[in-house]
Protein chains: 2
Amino acid sequence: MSSERPFADALNRLRGVELRPTRQRLALCKMLFEHGDRHLTAEVLHAEAQGAGIKVSLATVYNTLHQFTDAGLLREVIVDGGKTYFDTNTADHHHFYLEDECRLQDICGDAVAISGLPTAPDGTEVASVDVIVRVRKAQ
Amino acid sequence: MSSERPFADALNRLRGVELRPTRQRLALCKMLFEHGDRHLTAEVLHAEAQGAGIKVSLATVYNTLHQFTDAGLLREVIVDGGKTYFDTNTADHHHFYLEDECRLQDICGDAVAISGLPTAPDGTEVASVDVIVRVRKAQ
DNA sequence: GTGTTTGCAAAGTGTTTGCAATTTA
DNA sequence: TAAATTGCAAACACTTTGCAAACAC
């Protein structure tokens, strides 16, 4: 969620993770976090930036999304080969994947419990548990 | 699991789903189902076939894997952008994903229970519920 | 000024496709 | 022989990379 000072918010967010607030990063940060939780691909964010008259190259969008992910501002979600979604919600939660629309929808993590999982294979530890509920148009 | 007549098994399997038992399909079917549950990419299966002296093109491996998947002999697993794994276990189950090795390991579905999932979004129905436990080398 | 970031275009990866030649029934 | 299948090479979608020019501090 964002306050009513999107530029100041974006600036603070970047400062918080020690990324230089360049024009491109500020603009992308603003678009990403201004309107609640979002699930975007690099291409979609790039198109959105173009549409808003912001000059950013696709390569920079990719770089920025990965920097934000490394900094913990975003989370990557893999549901569909050959496409990467970036989720602005970094809290513990799961996803519906609407196959017909190639769209993600959050499932709040608090309500969901998974029981009966075996312990991680020898020598490994759990990094994350992802639940993806694939749904499609009811027949 | 397979009997001790891998060629006969492969033949029966193909007949069961009404796919012509061509030399390539027979060979791939045999490799896939002869040795218990496997998680393979097209490239790996292709390399394995080459190694065994079987002449198959990569394109045919892709086609065949998709035909087998459509026929219900295989299941696709997506865990890693830009790579598709095919799982010879079509029973309801989940996966560990060993990130360091890019390798999948089955989690039997019987033991695992997921509670608290909300109902599918309006107008949709659940196609599948995939749980992926990402693990990495314990530090 | 110095080091960081950007944009472009090229390269990379995994996958799909069109079509002539081959194989299966 | 008719229809299905194969293999090749080209095309494809998405992503990453190298490097010179532009920018932030």
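Remember, it's a predicted structure, so these values are computed and weren't measured experimentally. In what follows, chains are A, B, ... by sequence order, proteins preceding strands, each numbered from 1.
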Salt bridge A:Arg38-A:Asp87, side-chain N to carboxylate O under 4.0 Å: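 Not counted as a salt bridge, because no side-chain N and carboxylate O are separated by less than 4.0 Å.
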Whole angstrom is fine here: how far is it from [atom1] in [X] over to [atom2] in [N]?
X: B:Gln67; N: D:dT5; atom1: CD; atom2: C1'; answer: 8 Å
X: B:Arg15; N: C:dA25; atom1: CZ; atom2: P; answer: 9 Å
X: B:Leu40; N: C:dG14; atom1: CG; atom2: P; answer: 15 Å
X: A:Leu58; N: C:dA11; atom1: CG; atom2: C1'; answer: 15 Å
X: B:Glu18; N: D:dA3; atom1: CD; atom2: C1'; answer: 16 Å
X: B:Leu14; N: D:dA4; atom1: CG; atom2: P; answer: 17 Å
X: A:Leu26; N: D:dC23; atom1: CG; atom2: P; answer: 15 Å
X: B:Leu19; N: C:dT23; atom1: CG; atom2: C1'; answer: 16 Å

Any side-chain to backbone donor/acceptor pair from [X] onto [Y]? Under 3.5 Å, distance only.
X: B:Asp100; Y: B:Lys137; answer: yes
X: A:Arg13; Y: A:Lys30; answer: no
X: A:Thr64; Y: A:Thr60; answer: yes
X: A:His93; Y: A:Ala91; answer: yes

Looking at [X], does any N or O in its side chain come under 4.0 Å of the phosphate oxygens OP1/OP2 on [N]?
X: B:Arg20; N: C:dA25; result: no
X: A:Thr60; N: C:dT5; result: no
X: B:Tyr62; N: C:dT15; result: yes
X: A:Arg25; N: C:dT5; result: yes
X: B:Gln24; N: C:dT23; result: no
X: A:His66; N: D:dT16; result: yes

Identify which nucleotide among [options] has an atom closest to any side-chain atom of [X], counting heavy atoms from C-beta outward.
X: B:Asn63; options: C:dT24, C:dG7, C:dT17; answer: C:dT17
X: A:Pro21; options: D:dC25, D:dT15, D:dT17; answer: D:dC25
X: B:Ser57; options: D:dC8, C:dG7, D:dC14; answer: D:dC8
X: A:Glu43; options: C:dT15, D:dC8, D:dC14; answer: D:dC14

Let me confirm one number: the CG-CG distance from A:Asp37 to A:Leu104, rounded to the nearest 0.5 Å.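 One finds 12.0 Å between CG of A:Asp37 and CG of A:Leu104.
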Map B:Arg23 and A:Thr64 onto DNA chain C by nearest heavy atom, then report which one ends up closer to the 5' terminus.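 Going by which nucleotide is closer to the 5' end, it is A:Thr64.
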Looking at D:dA24, which nucleotide sits across from it as a Watson-Crick or G-U wobble partner, both distances under 3.5 angstrom, or is there none?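 Across all strands, the one nucleotide that pairs with D:dA24 is C:dT2.
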Would you mind classifying the nucleic acid contact of B:Thr84 as base, sugar-phosphate or nothing, using non-hydrogen atoms under 4.0 angstrom?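 Answer is sugar-phosphate: B:Thr84 comes under 4.0 Å of backbone atoms only.
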